[in-house]
Amino acid sequence: MEQKPAIELRNITKTFGNVVANRDVNLKVNRGEILSILGENGSGKTTLMNMISGIYFPDHGQIFIDGEEVVIRSPKDSFKYKIGMIHQHFKLVDVFSAAENIVLGLNEGKYNLKASTERIKEISAQYGFELDPEKKIYTMSVSEKQTVEIIKVLYRGADILILDEPTAVLTPQETEKLFAILRRMRDDGKCIIIITHKLHEVLSLSDRVSVLRKGEYVGTVETANTNESELTEMMVGKKISLNIERSEPENTQPRLIVNDLECIDRNGVKILDDITFTANSGEILGIAGIAGSGQRELLEAIAGLQQVQFGEIVYNDPKTGKEENLRNKTPMQIRDLGVRLSFVPEDRLGMGLVGNMDITDNMMLRSYRKGKSIFLERKGPKDLAQHIIEDLEVVTPGASTPVRRLSGGNVQKVLVGREIAAAPTVLMAAYPVRGLDINSSYLIYNLLNEQKKKGVAVIFVGEDLDVLTELCDRIMVIGSGRITGIVDGRNTTKEEIGLLMTKTKDGKQND
Amino acid sequence: MTNAKTKQVHEPLIHITKRDDCSFAKSAIVHLIGVVIALVFSSLLIIAVTGQNPISLFKSMFEGVFGTPIANSGINKKYVESLHIVAILLCISLAVTPSFKMKFWNIGAEGQVLMGCLVSAYCMIEFGGEMNNTLLLIVMVVASVIMGAIWAIIPAICKAYWNTNETLFTLMMNYVAMTLVSYFIMVKDKSGRSDLGIINERTGYGYLPDLFERNYIFNILIVAFVTILMFIYLKYSKQGYEISVVGESQNTARYIGVNVKKVIIRTVAISGAICGLVGFMIIAGDKHSIKDSIVGGQGFTAIMVSWMAGFNPIVMIPVSMLIVFLSVGSKFATSAFKLDNSIGDILTAIVIFSIIACEFFIRYKVNFRKSAKGDK
């Protein structure tokens, strides 16, 4: 008989209310194999894995481990079957050391940190992790924290590992390192499932790929026999072009000049230092960097939401030619100056929109103050909402549906639509395609390109370096609150940007 | 492949899943079932504890609320009296709503109302007879409203500027208000009684006039007016919109340039002002006397009304009616049947608890283990 699969799912179905997260999903993974689960956001990848790791319980279907049917009711059960999941959002105690976090919650009789540290070192050596077990979590980089999470499940003896979007927060160099480790684990006979929506990673890492689309199982293919466009077609359900258009900038003029900007956070730590750059009209300026390097603070400082310690933010008014310093002006004051600054913040439902309000009321956020009446004028916003729903193909039961009920892509369309409707001269967008499916992402890129052609100065903070290098005219790289380089989007490579991302201020590599 | 027989394995007995939307009809049915269950449960309790017939007890509750007045209660019809109690509770509920909608956990309505009472009583005593009665009433209204607002603004300012905990702060302000009232009574009446008796009993200075030959009607009309105003304010005004935005997400409010501090202070001041108005209504339109327990915990009951109604002023009308029906009715019934007062409280608690529990069944679905595997 053939080898029994390490884990097999048969006809797994899970629904949330009326939403089918998974329908009749079948999956098989052998030992010594890496399986990618590919699918767009909302296609049910994470839900499926959560059922294996005991967080959800399937409505129908069976799970087999080594050919035996099992029931996984809780994460404890899943540990019993040696399943370990590394979540997208790390679950670590900040003030504990790596070793303390790894043994936390384990019941191995006596608490002996020294012995545990030895075992952690053994595991690290075996697979090539670089980790100091005594280092505290809060001093760690994202990739180190991820290492802790992986060792945590290995320490518990897991031989089926599930990684949920492990590369989302890593630089290209760190990703390569992680992949090398995963390959070593595979060769050691472990069974590895990795959830992702990045095609090139799937192709370079995995042995087989299973594709999910809208909760349905589409199929499994051998990585060796497939290519990007076939996988995209499986994922989206139709052929789409993966090229992002990039036109030559025309009539560029300095629109926003940031000079020597410095900001400190609550604890007095510098979060932005010595930031100097110019955003031109008719151009897309990309901002790259490891998450939390000061991108958010920079945009918020420009939008008037972050106290500026030093430096200036000068806006060149295209109509009057006048220069306005926006430093430490409130968003109201900025608007009163006639500066048409639109801002698509990173936190869509926590900052850009109000989740419990409907689309119409969210349209009003920017404009409700207009006019002297003490009462709201809902007609204009209602028309705008209708307009955006039609133009951007927002999938919603109607303009009076609370935006939190919409899917991620549709929420973003509502937000971007509103910000563009204000006819901006500067448009800032922080991670505008995070969590969006391919179609919605391309729609957003097109909208940004349209604005660029209209002569808007577009500032685009992104995380996917492929997209940044394809979309942006210039790319500014930030590392720990400082600019580590500004490169031409047409002649740069991902690797160059990746290196700049980890560069420290004295020019040395940070790794 | 393997056709081996699958082992009989156990699903968890129940698992809970989230529902999407619950239609209005469905939610009404759930609530109805909740009330029926509550009634059955309380009936069992009544039989078990008191041995009385629950049906006649319920009947007596209705009589207590709508029935003919007891001999010495004057010309009022009983339901007008009940309606007045509803009005006062409703008005305090309306008062706390803007703060709660803004997620400012103001549990100081009790104290804010009490301060309104105190100032009204003070004006009645000090200015009664010194000026025209209409003018006196106006002075009382203005003073009470301002006092209520001040009592609320103090914690609001501390919250806005120093991010103090408004729950503790407003709660403590209640005790300060009570102590102030006790002090006031002590100064005005050296005899050491806990209340001042009826103020201006002979002259009637500072009493709200009767309408349609009945008292209380004035208060009821004021509350009806406040209800409509509050509904419009929250739903259609720019300030109401700002309250919702600040309550949902202060970050969003900052992002669109709302002055969050200003909105917090303004909104809480409105809450306090309406509480002050209630204080005036209690003194001028009802009690004509003052003691430190005159508000009787309605400041807290109001919070429950406001929440149960989902902060919708119109829904608050039936909710406050239900609460008053339960408390007045059960008080009457327990005294008619010579039962302990706590039985009434227990009945009230059972009904309210089951209504709140309905929320759970509206939001979530409970799935039981299917007995036979494989079939749908």
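So you know, we letter chains A, B, ... as the sequences are listed, proteins then strands, and number each from 1. Not measured: the values here are computed from a predicted model.
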K.L.:
Under 6.0 Å from the CH2 atom of B:W307, do we count more than 12 heavy atoms belonging to anything else shown?
P.N.:
no

K.L.:
More than 12 non-hydrogen atoms from neighbouring residues, nucleotides or ligands closer than 6.0 Å to CZ on A:R366, yes or no?
P.N.:
yes

K.L.:
Counting only pairs under 3.5 Å, give me each side-chain donor-acceptor contact of residues 141-159 of chain B, with atom names and distances, residues two or more places apart or in other chains.
P.N.:
residue : atom : partner : partner atom : Å
B:S144  : OG   : B:G116  : O            : 3.4
B:S144  : OG   : B:S120  : OG           : 2.7
B:S144  : OG   : B:M140  : O            : 2.6
B:W151  : NE1  : B:M173  : O            : 3.1
B:K159  : NZ   : B:E166  : OE1          : 3.0

K.L.:
Hey, which of A:A303, A:G355, A:S74, A:P345 has the most heavy atom pairs under 4.5 Å with chain B?
P.N.:
A:P345

K.L.:
A side-chain contact here means heavy atoms from C-beta on lying under 4.5 Å apart; do B:V258 and A:R369 qualify?
P.N.:
yes

K.L.:
Which atom names give the shortest non-hydrogen contact between B:N251 and A:M351, and what distance separates them?
P.N.:
O-CG, 3.9 Å

K.L.:
What closest approach, in Å, do B:T252 and A:L353 show between heavy atoms, and which atom pair accounts for it?
P.N.:
OG1-O, 3.3 Å

K.L.:
Are the side chain of B:K238 and the backbone of A:K370 linked by a donor-acceptor contact shorter than 3.5 Å?
P.N.:
yes

K.L.:
Would you confirm whether B:S249, through its side chain, and A:G350, through its main-chain N or O, come within 3.5 Å as a donor-acceptor pair?
P.N.:
yes

K.L.:
For B:Y241 and A:L365, indicate whether the former's side chain and the latter's backbone hold a donor-acceptor pair under 3.5 Å.
P.N.:
yes

K.L.:
At a heavy-atom separation under 4.5 Å, does A:M357 approach chain B through its side chain, its backbone, both, or neither?
P.N.:
side chain

K.L.:
Are the side chains of A:M332 and B:N259 in touch, meaning some heavy atoms are under 4.5 Å apart?
P.N.:
no

K.L.:
Working to the nearest 0.5 angstrom, can you tell me the gap between A:Y368 OH and B:Q239 CD?
P.N.:
9.5 Å

K.L.:
Check whether any side-chain N or O of B:Y255 sits under 3.5 Å from a backbone N or O of A:F343 as a donor-acceptor pair, and report yes or no.
P.N.:
yes

K.L.:
Give a yes or no answer on whether the side chain of A:R335 reaches the backbone of B:I256 with a donor-acceptor pair at less than 3.5 Å.
P.N.:
yes

